[in-house]
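So the structure is just underneath, and the comments pick up after that.
Just so you know, these numbers come straight off a predicted model, no measurement behind them. Letters A, B, ... mirror the listed sequences (proteins, then strands); counts begin at 1.
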There are 2 protein chains.
Amino acid sequence: MPKPGPVPAASSSPRDQDRLVAGLVNALQDRISTGDIKIGSWIRQERIAQEYGVSRTPVREALRQLDALGVVEIVANRGARVKLPSIRDITEAFEVRGVLEGHAACLAARNITQAQLDVLRETDGIFREAVRHARSGGEDSRAESRALWYRANDAFHATIVTACGNRQLQLTLETLHHRMPRNLTWSALDGDPRLLEENAEEHVRIADAIDRRDGERARELIMAHTQRAQELILLRFQEP
Amino acid sequence: MPKPGPVPAASSSPRDQDRLVAGLVNALQDRISTGDIKIGSWIRQERIAQEYGVSRTPVREALRQLDALGVVEIVANRGARVKLPSIRDITEAFEVRGVLEGHAACLAARNITQAQLDVLRETDGIFREAVRHARSGGEDSRAESRALWYRANDAFHATIVTACGNRQLQLTLETLHHRMPRNLTWSALDGDPRLLEENAEEHVRIADAIDRRDGERARELIMAHTQRAQELILLRFQEP
DNA sequence: TGCGCTCGATTTGTATCCAATCTGGATTGA
DNA sequence: TCAATCCAGATTGGATACAAATCGAGCGCA
């Protein structure tokens, strides 16, 4: 669990306290994206400080950093609150993501290595496994399905963005990512194995296009892919 | 100029110390982009604190924020240094910028208002004025030319990005911008009125395409525009 | 009842203090 | 002469102290 505990493992690595603030940033970002710290809730400096056994100073610096990243919002004399993205924010962010990931896929079609292609192919097996678990209905299967899908999805997109070779593009996409609650897409897929299967097939087609070195096709497919995800999320927002 | 002095105007605005850190972030960012604080130089907390009449605490938080924005790099126990982007960073950032501004222009062709179009048209006069000053050679004219071009260029790109209507896109482009030294493009244009004139004409053609509501053409043109800027900058880096 | 006010508890914002770390130059030893 | 070492000053990192602001409960008053 992303529970408190001393920030890093407080040992091993050459310098440890160097990354105190960085560790806090990661820890908080994790707890936010997993929902452990809820969207819209206030983050009390003293509380975080005690949980991690540090003073408020590094906590404040971590919060400033999260503010700059757009993950939280600092209100003067009130504190930091986890940002609640509006429908508009989500729609717009997905559009930008589509454009950027599309371009990344286009570049990846030129620059990808065989090893990276293999990773892309391997994710397909994991996606199928996730679909299988989703079909078998139980509560445990559902959690399992979720974990598998996360793993495959993260690996898939990370691989493409890395393979494109443009680190600035990678950076930009990462910050865009962090601004959105992480489980958005999953929440739209969860509960309907058909959607999950459709999603898996979209991934295969994208990998195919990259494999064929057809950059423009890969771009189109990935843009349609994010467009689709965006539509599903909006649907889920309107009628649950 | 962007010299020290109490951070904001220390008056008027309802709350002032609220934005102490925010004010520092802006002030420092300004001083960095104008070159007042040099690229690659260290930023001493104590020095900044004294210049603005505050303690090191808010300065440190401002630096954390600049670190998160990618403007500055914090090295453990050494301090903050203004990031020196590598050639690769610049090339990659311009590529991303091209993709994003291209998309912004495409959207702007659909959503732009008449008032915004007027602003776009007005910039042309300013660009021409800048060219005129550049031709007349003197040292003062050169500074004047620079100031005019900055004004026109900022207004032009800001208008398009605003007109596109996607705030996440705007945000993303802004952070990308802040990571690069602001005078990069100008330094490539400076000293050659022909390049400056060519640059002005590129802007006109982009405005034309948006005016005709030809989004795809606007995208192509703006991508070519940033591509051209990037090439000029690389040239300037290699043989001065 | 309902509205506005005051006051105490909580929380944030800034300054200050001390320890840990780094830099650069002087010193020492081969 | 040169390299390794060590020390002093400078600088950062984190904790603590204190001031300013906010929130909310309880009170008074119409």
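In this structure, A:Ile74 atom CD1 and C:dG13 atom P are separated by 7 Å, rounded to whole Å. Regarding A:Arg81, its CZ atom lies at a distance of 14 Å from the C1' atom of D:dT22, rounded to whole Å. Atom pair B:Arg19:CZ and C:dG13:C1' shows a separation of 16 Å (rounding to whole Å applied). As rounded to whole Å, 18 Å separates atom C1' of D:dG13 from atom CZ of A:Arg64. Rounded to whole Å, atom P of C:dT21 lies 13 Å from atom CG of A:Leu20. In this entry the distance linking CD1 of B:Ile48 with P of D:dT11 reads 12 Å, nearest Å. Distance CD (B:Gln50) to P (C:dT14): 18 Å, rounded to an integer number of Å. Spacing between atom CZ of A:Arg56 and atom P of D:dA17 amounts to 12 Å, rounded to whole angstrom units.
Among all heavy-atom pairs drawn from A:Cys164 and A:Ala104, the shortest one is CB-O, 3.2 Å. Pairing each heavy atom of A:Trp42 with each of A:Gly79, the nearest pair is CZ3-O, 3.5 Å.
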B:Glu73/B:Arg81 under salt bridge (Lys or Arg N to Asp or Glu O under 4.0 Å): CA gap, chis, key distance, verdict: CA-CA 5 Å; B:Glu73 172 189 30; B:Arg81 181 170 40 187; 3.8 Å; yes
Check against side chain to side chain donor-acceptor pair (under 3.5 Å), A:Asp190 and A:Ser187: CA-CA 5 Å; A:Asp190 191 18; A:Ser187 71; over 6 Å; no
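Using a 4.0 Å heavy-atom distance criterion, A:Leu63 is classed as making no nucleic acid contact. The residue B:Arg60 sits close to a base: some heavy atom pair falls under 4.0 Å.
When the side-chain nitrogen and oxygen atoms of A:Gln45 are compared with OP1 and OP2 of C:dT10, none of them lie within a distance under 4.0 Å. The phosphate of D:dA15 (OP1 or OP2) has a side-chain N or O of A:Ser55 nearer than 4.0 angstrom. Considering only side-chain N and O atoms, A:Arg44 lies under 4.0 angstrom from the phosphate OP1 or OP2 of C:dT12.
Where A:Thr57 and A:Arg78 meet DNA chain D, the nucleotide closest to each residue was compared, and A:Thr57 sits on the side nearer the 5' end.
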Enumerate the protein-to-nucleotides 5-9 of chain C contacts in which both atoms are nitrogen or oxygen and the separation is below 3.5 Å.
none

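In this structure A:Val71 satisfies the side chain to side chain contact (heavy atoms under 4.5 Å, CB included) test together with A:Gln29, A:Ile32, A:Leu66, A:Leu69, A:His178, sequence neighbours excluded. Judged as a salt bridge (charged side-chain N to carboxylate O under 4.0 Å, His left out), and not counting sequence neighbours, A:Glu46 has no contacts.
Considering only side-chain atoms of B:Asn77, the nucleotide from C:dT21, C:dG13, C:dT14 that sits closest is C:dT21.
Partner A:Gln116 forms a side-chain contact (heavy atoms from CB on, under 4.5 Å) with one of A:Ile160, A:Asn111, A:Thr162 and no other, that one being A:Thr162.
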